[in-house]
2 protein chains.
Amino acid sequence: MTISISVERGADKTAPLYRQIAEQVEQLIESGRLATGTRLPTVRQLAADLGVTVVTVQNAYSELQEEGLAEAVVGRGTFVTRPAPSDFNTIIGDGERTTDVMANMVRFGRSSRELYPMAQANSGVDLSPAAEFFRCFSTLEGEADSLLRYGRTQGCPVLRGELCNLLASRGLDSRPDELIVTQGVTQALDLLLTQLCKPGDTVLVEEPSYLGLLGLLELHDVTAIGVPLDSEGPDLTRLKCVLRGERPRFFYTTATFQNPTGLCMSEQRRRDLLVLAEDYDLLIVEDDIYRDVELTDAPPPPLKAMPGGRERVIYVDGFAKSLMPGLRIGYMMPPPDLHAPLLDSHRLRTLCGPVVMQAALTEFLRRGARDRHLERVLPIFRERREALLGSLAQHMPEGTEWSDPAGGLCVWMTLPEGACTDDTYRAALAAGVAVAPGDRFMPRPTARGHLRLSLGAVPAERMPDAAKALAGAIRQALEAGQHRRVEEAVPLV
Amino acid sequence: MTISISVERGADKTAPLYRQIAEQVEQLIESGRLATGTRLPTVRQLAADLGVTVVTVQNAYSELQEEGLAEAVVGRGTFVTRPAPSDFNTIIGDGERTTDVMANMVRFGRSSRELYPMAQANSGVDLSPAAEFFRCFSTLEGEADSLLRYGRTQGCPVLRGELCNLLASRGLDSRPDELIVTQGVTQALDLLLTQLCKPGDTVLVEEPSYLGLLGLLELHDVTAIGVPLDSEGPDLTRLKCVLRGERPRFFYTTATFQNPTGLCMSEQRRRDLLVLAEDYDLLIVEDDIYRDVELTDAPPPPLKAMPGGRERVIYVDGFAKSLMPGLRIGYMMPPPDLHAPLLDSHRLRTLCGPVVMQAALTEFLRRGARDRHLERVLPIFRERREALLGSLAQHMPEGTEWSDPAGGLCVWMTLPEGACTDDTYRAALAAGVAVAPGDRFMPRPTARGHLRLSLGAVPAERMPDAAKALAGAIRQALEAGQHRRVEEAVPLV
């Protein structure tokens, strides 16, 4: 059996080599040219034929196995098992719970099918500074032994030192011993919930808010109370009403370039929020992960840096949005009185993170690679933002609304009445547009449907087509809605 | 001001370069030759003088800052702040809680002072395969982009494939989709506790057991019930008694080369335990992290691989003991019915681990570096075991008892009556022997004192001196005990 596969290299490649190989084999299977039971070439043979590493082909075959398309029989080889699903329905089918939605978004993020990747709030792989990050490893070889021993639970001192410099550039004074390094913002939020909340507690969130946090609240059996947003930030009158009746453990906010709306809380609203927090003894968790992705105006300083912030605000940040999601490095700066208990809990629950990654990030920051990366990608993000907003204005059906992000990677879309989130989500995926279903970002059910669109991974020139495809999906959803209403209508007799 | 510092390179170096620099500066401070307020050389200058990288000096200065010996003033330089403590009392002083003990053990593990590092159950840095591990990074450069995107929560498919091969060599059949990769065994245990236990629940542990787990149980407000050990393993009669009255969520066992005793559960005891577990519907958490460190006889197969194991046993493993603690990669193989809930919870709480580290470990395993490493270090560990046991027999005061480990890195010591754990622990540290205080490994207070000695990091030829120093510490503790008893004695009048 001969199969023809080719790989394309270069900075503007659409996918990593192993994905290119996996997908071509997938297409050969779908097209029936590779029948079930066919034995695939050996890893070494295919690697040699394509001039790629054995690891690359192994990764490709493992992807096929993950997707149930191939099976490895020890000592005999890798065999085609069954045809691939012809579209995403198999994924959508079980995309009900937040965990599944998150898993799917990661999967879409890794796929290089002909779809518009607008589900994950990440930049495109074409913009990744991964190559330069990898070069940092070679500078660390002399430290290899110590970098592979247990490190400090709190994180490498040198990394925390660099983080302090970063925070200083945001107007936030800090000392290395005030910071706690975590496995991304996700682990920081889980640590906070474990430390601060009991089952049955309530927490305040923006409405809409980050679906990962809402999923964690569910996991911890903590109730989310939503606070609506206006153009300035959270509605403090509503917030006050809640605080009169409830004792929420904290208010979670992505004040700067809010996820999923991209809005930025005004400086005045920040001041008012901190005063309110003082009056009602309310803790604030400020997730600042989008701050570096500045698209229009410069944001106000972090809540943590403003009067009262030091004692009231747990500052959380990471590098998934500004650099690379795969770093899995975040950090937090809690109020002084929470530092020791959080660090003790973190020690027992994780002992320490991988020092190698922390040291490589330190070197990456130290040599200014972060600054150079942002200088390079921010203009591209701004261009993509313009293109997306322009295309939406041109193509969206009447009654569709969307946010005007000042920063971050997301646009929040409110669907026209009659188009529900799931219908639109499914139709969009079928049309090749991967978006995030909006209801997963809402702490409670809403009348109108919503989608979150990420602007980071679709080139500006493809935005018009993406918008057209999405508009078509919304129209389909409107028809489906119509249809249901007719069916559900009770005839008058 | 001129300070003379020298660094020593080479495979048998006692400490990484940055530690050598940090400690020489520390000694200069202790000796008073660097007064408080003195400005240290700039990082670049010292790096140039010593012919080391800037990173190395930065790491050294950061260590000094961490230890409160130096202070960096932005734009002005690094300054000596206050003299170093002349011994470990400052550490011992707050070494009360499990988290502190763990932090101290990590600190001792990183220190290259003239002490015998027997606190952490790790191999010495002189045996680390870190250099070869680092070489694996260079083979991954072509994959850089995809390795720094979000990976699967479950872990890289290729890594899980390699882990299945490893498990097959232990007689345990598994499929990649049955495994869940975690940030070391610690994160796996925390995930299990969060998933399986509510505050107030009880869990069964061996007596003594792993202090990290006992700390986690405390954190989760779960009560540990101890099951005594005999030479065959846990006392099943006692286990049965508990099961008649309680409904513990699971039994945690390091069946193979138990931590801290180094004992190996016999095959018959394993069978009986699994039958008992079946009768009382008891889950077993099998922590197999010490299996590769085989010192005398080959161990029986894992509980997970024995009749009934697949459904009853949550298998947990990692590479901190056999390879490098800093990898922070572990994995678990739960029973089929627990897989989905654990994976969902893991996704919400960590999203995914660092794919780069997982890919490097995959390459490391694939090229047989693990096998070569074990071939190299196991004879050395066996030699160190012999030397330690021989030296203990020669020098320990009467009434001291210790375990005869069949594998693993630990010897469990029971102190003579009258010598309490803390007195001995303090005296040992003062004498330069860093050990782990035994009471932290016991679920309940005991009459006799205990220590855990690690045999992994002290060269065989230094074991006699270590044993002598420890014997002296025990005698001191006995005197202190005597003294207390006399003071406490009530005179008969």
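Order of the sequence lines sets the chain letters (A, B, ...), proteins ahead of strands, with each chain counted from 1. Any value given below was found using the heavy atoms of this structure, including those in side chains, with hydrogens, waters and symmetry copies removed.
Distance check: A:L148 CG to B:S128 OG gives 6.0 Å after rounding to the nearest 0.5 Å. To the nearest 0.5 Å, atoms CG (A:L219) and NE2 (B:H346) are separated by 12.5 Å. For the atom pair CG (A:L348) and CG (B:L214), the distance works out to 10.5 Å, reported to the nearest 0.5 Å. Going from atom CG of B:N59 over to atom OG1 of A:T362 covers 8.0 Å, rounded to the nearest 0.5 Å. In this structure, A:Q183 CD and B:T182 OG1 are separated by 9.5 Å, a value rounded to the nearest 0.5 Å. The distance from atom CZ of B:R328 to atom CZ of A:R328, rounded to the nearest 0.5 Å, is 15.5 Å.
With a 4.5 Å cut-off on non-hydrogen atoms, B:V356 touches chain A through its side chain but not through its backbone. For a residue to count as touching a neighbouring chain, one of its non-hydrogen atoms must lie under 4.5 Å from one of that chain's; by this rule A:L193 does not touch chain B. With a threshold of 4.5 angstrom between heavy atoms, A:R175 does not approach chain B through any atom at all. Residue A:F137 touches chain B through both its backbone and its side chain, counting heavy-atom pairs closer than 4.5 Å. Only the side chain of A:E363 comes within less than 4.5 Å of a heavy atom of chain B; its backbone N, CA, C and O stay farther away.
B:E63 has a carboxylate O that lies under 4.0 Å from a charged side-chain N of A:R152, or vice versa, which qualifies the two as a salt bridge. The pair B:R19-A:E143 fails the salt-bridge criterion, with no side-chain N (NZ, NE, NH1 or NH2) lying under 4.0 Å from an Asp/Glu carboxylate O.
Interface summary for chain B: among A:Q154, A:H220, A:R160, A:Q65, the most heavy-atom pairs under 4.5 angstrom belong to A:R160. Of all the listed residues (B:A144, B:P325, B:P354, B:A320), the one sharing the greatest number of non-hydrogen pairs under 4.5 Å with chain A is B:P325. In terms of heavy-atom pairs under 4.5 Å with chain A, the best-connected choice from B:I329, B:L140, B:T139 is B:L140. Note: A:R349 leads A:Q187, A:R349, A:M357, A:M324 in heavy-atom pairs under 4.5 Å with chain B. Of the listed residues (A:G326, A:S62, A:G353), the one with the most heavy-atom contacts under 4.5 Å to chain B is A:G326. Heavy-atom pairs under 4.5 Å with chain A peak, among B:N122, B:L147, B:T153, B:D177, at B:N122. Among the candidates A:V158, A:V52, A:T53, the residue making the largest number of heavy-atom pairs closer than 4.5 Å to chain B is A:V158.
Around atom CG of A:N165, more than 12 heavy atoms belonging to other residues, nucleotides or ligands sit under 6.0 Å away. The environment of CD in A:E132 is crowded: more than 12 heavy-atom neighbours from other residues, nucleotides or ligands sit within 6.0 Å. Within 6.0 Å of CD in B:Q195 there are more than 12 heavy atoms belonging to other residues, nucleotides or ligands.
In plain terms, the two heavy atoms of B:D145 and A:A131 that are nearest each other are OD1-N, 4.5 Å. A:T186 and B:T350 get closest at one heavy-atom pair: CG2-N, 3.8 Å.
The shortest distance between side-chain heavy atoms of A:R135 and B:E141 does not fall below 4.5 Å.
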